[in-house]
Amino acid sequence: MNPQTIAIVKATVPALQAHGEAITSHFYRIMFESHPEVKAFFNEAHQAAGSQARALAGAVLAYATYIDRLDEIAGALPRIIQKHAALGVLPEHYPVVGACLLRAIKDVLGDAATDEIIAAWGEAYQSLAALLIAAEEEVYRANAAQTGGWRGEREFRVARREDESEVITSFYLEPTDGGPLLAFSPGQYLTLVLNIDGEPLRRNYSLSDAPGKAWYRISVKKEEGGKASNWLHQAAAVGTLLKVQAPCGDFVLQPAGESARPLVLVTGGVGITPAMSMLESMAHTGRPVHFIHAARHGGAHAFRARVDALAAKHANVKPVYVYDTPRDTDQPHATGFVTRELLAQQLPEDRDVDLYFLGPKPFMKSVYANGLALGVPKQQLRYEFFGPLEALEA
């Protein structure tokens, strides 16, 4: 980008601060109206809650703010690239997004969005799109080149179902072509390409078992009003065929190195699923694993028997269960919430741990704040949102 384009885009920062969410909300409306074929790439629940528009507004603002210092926001790119690759975003989708975004800027800002500003934002968008398209192509190529890898959609069948709790069911997926499976990193997810009552949908579900099995396992919570999760629970019987995109995601268990730090996995609700993949991968290694899980009660607690069995077999695995509304027959280790005091009891004095956490947003904000307050280095706090990336520091 030339210096004039950069200067013009940076000059729009105050307008984006004031009107960013209005622009992105309008952007989604006009894009879905004029290009309904792209709706399948977006979760309607996130749209209805406004989180998708807020997240995009924040991303657009960050890009404008740091357009002359892109290294400042480079850390956010791997997640975007992995999410796009998981969903199967292709180069032909970018012109649709770009045209609708420029139109939304013009519609919301009116005469303030001069031809010069629209042209500058057009160039800025094209520059970012080219970067993302190239990076996503590398992900597609790398996945396809590996043993068991593929590009695009691959057909799987539901080989087995298991109820893990009153609200979470595991689905064991095996490829119908009988070929090997692409290895994945604990913490990654699959994308199911669904068509429910004539409506195309794409949904991400964390892999909940260790790599190296003859199947992929996803464990899905039946969400109130959730089209995909309810369909899976009600209709995806053994033998059901599903179209699946290759594993993706950057919320992954990092290599431990020669001197492995203790691993602390803190989860709430269905956030337990990627943590199970991490636990299944680490339990046998001797690395200390503190497994802290929060659930409403025993009926909503998935995988308790499996975690207890791993802890009985491996002394390095130390589970702690916290129920906020326990039933009379429940036996949690603590009641209430994952407090700073409870977390402190599980951490070594030097706080030198790798702390992964996932769950509802209020839960994650609390764990993040408490982890920092207790002295866990910020770069050793690792998390991911199920939907659009949102701030935990607000």
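These numbers come from a predicted model, not from an experiment.
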Are L207 and L87 linked, directly or through other ILVMFWY residues, by side chains that come within less than 4.5 angstrom of each other?
no
Nearest heavy atoms of K106 and A113, plus distance in Å:
NZ-O, 2.8 Å
Give me each pair satisfying ring-ring contact (aromatic ring centres under 6.0 Å, His included) with a member in residues 134-156, each pair once, sequence neighbours excluded.
W150-F156, F156-Y216
Show the numbers, then the answer: is there a side chain to side chain contact (heavy atoms under 4.5 Å, CB included) between E116 and Q4?
CA-CA 10 Å; E116 187 179 41; Q4 184 179 10; 3.3 Å; yes
Test side chain to side chain contact (heavy atoms under 4.5 Å, CB included) on I133 and E137 and set out the steps.
CA-CA 6 Å; I133 289 169; E137 175 61 22; 5.5 Å; no
Please evaluate residues D330 and R304 with respect to the criterion salt bridge (Lys or Arg N to Asp or Glu O under 4.0 Å), reporting the C-alpha separation (whole Å), side-chain torsions for both, the decisive distance (0.1 Å), and the verdict.
CA-CA 12 Å; D330 287 341; R304 176 162 184 166; over 6 Å; no
Could you work out, with side chain to side chain donor-acceptor pair (under 3.5 Å) as the rule, every residue matching N2, not counting sequence neighbours?
T5
Taking R154 for the side chain and D177 for the main chain, is one N or O donor matched with an acceptor at less than 3.5 Å?
no
Please answer: with hydrophobic residues joined when any side-chain heavy atoms are less than 4.5 Å apart, are L265 and L374 in the same cluster?
yes
Between H333 and Y321, does the ring centre distance come in under 6.0 Å?
yes
Are the side chain of T24 and the backbone of F27 linked by a donor-acceptor contact shorter than 3.5 Å?
no
Checking S219 now: which residues fulfil side chain to side chain contact (heavy atoms under 4.5 Å, CB included) with it, not counting sequence neighbours?
I168, S170, S208, R217, T273, F303
When you look at R327 and E166, which way does the salt bridge (Lys or Arg N to Asp or Glu O under 4.0 Å) test go after all the steps?
CA-CA 14 Å; R327 296 172 176 174; E166 294 174 2; 2.8 Å; yes
Can Y125 and L102 be said to form a side chain to side chain contact (heavy atoms under 4.5 Å, CB included), step by step?
CA-CA 9 Å; Y125 175 80; L102 294 181; 5.6 Å; no
Evaluate the side-chain proximity of T169 to V220: yes if any heavy-atom separation is below 4.5 Å, no if none is.
no
Minimal heavy-atom distance between G187 and M278, with the atoms involved, is CA-CE, 3.9 Å
Taking the side chain as every heavy atom from C-beta outward, state whether L132 and L77 have any pair of such atoms under 4.5 Å apart.
yes
With a 4.0 Å cut-off, would you call R306 and E164 a salt bridge?
no
What residues join Y172 in its hydrophobic cluster, counting side-chain heavy atom gaps under 4.5 Å, either direct or through other members?
W215
Assess K83 against F41: is NZ or CZ under 6.0 Å from the centre of the six-membered ring, and within 45 degrees of the ring's axis?
no
Apply side chain to side chain contact (heavy atoms under 4.5 Å, CB included) to the pair V158 and L173, showing each step before the final yes or no.
CA-CA 5 Å; V158 177; L173 310 179; 3.9 Å; yes
Would you say M276 ends up clustered with V252 if hydrophobic residues are merged whenever their side chains have heavy atoms under 4.5 Å apart, either directly or through other cluster members?
no
Salt-bridged, D354 to R287, with N to O below 4.0 Å?
yes
Ring centres under 6.0 Å, that's the criterion: do Y28 and F42 meet it?
yes
Is V97 reachable from L16 through a run of hydrophobic residues whose side-chain heavy atoms are each under 4.5 Å from the next?
yes
D250 and R79: CA distance, side-chain angles, deciding distance, salt bridge (Lys or Arg N to Asp or Glu O under 4.0 Å) verdict:
CA-CA 6 Å; D250 69 328; R79 183 181 189 274; 5.2 Å; no
What closest approach, in Å, do S229 and G226 show between heavy atoms, and which atom pair accounts for it?
OG-O, 3.5 Å
Please work out which of the three classes, parallel, tilted or perpendicular, describes the rings of Y368 and F357, given edges at 30° and 60°.
tilted
Mind checking what makes side chain to side chain donor-acceptor pair (under 3.5 Å) contact with E136, not counting sequence neighbours?
H84, Y94
Heavy atoms, side chains only, cut-off 4.5 Å: are T240 and F171 in contact?
no
Residue pair I81 / A135: nearest heavy atoms and the distance that separates them
CD1-CB, 3.5 Å
Is there a path of hydrophobic side-chain contacts, each under 4.5 Å between heavy atoms of I, L, V, M, F, W or Y residues, that connects Y323 with V367?
yes
Of all the heavy-atom pairs spanning E223 and N230, show the shortest one and how long it is.
O-ND2, 2.6 Å
Side chains of F363 and V266, heavy atoms from C-beta outward: is any pair under 4.5 Å?
yes
Please report the shortest heavy-atom distance between K227 and E199, naming the atom on each side.
NZ-OE1, 2.7 Å
Could you list the residues that satisfy side chain to side chain contact (heavy atoms under 4.5 Å, CB included) with N143, not counting sequence neighbours?
V139, Q146, L182, A246, C248
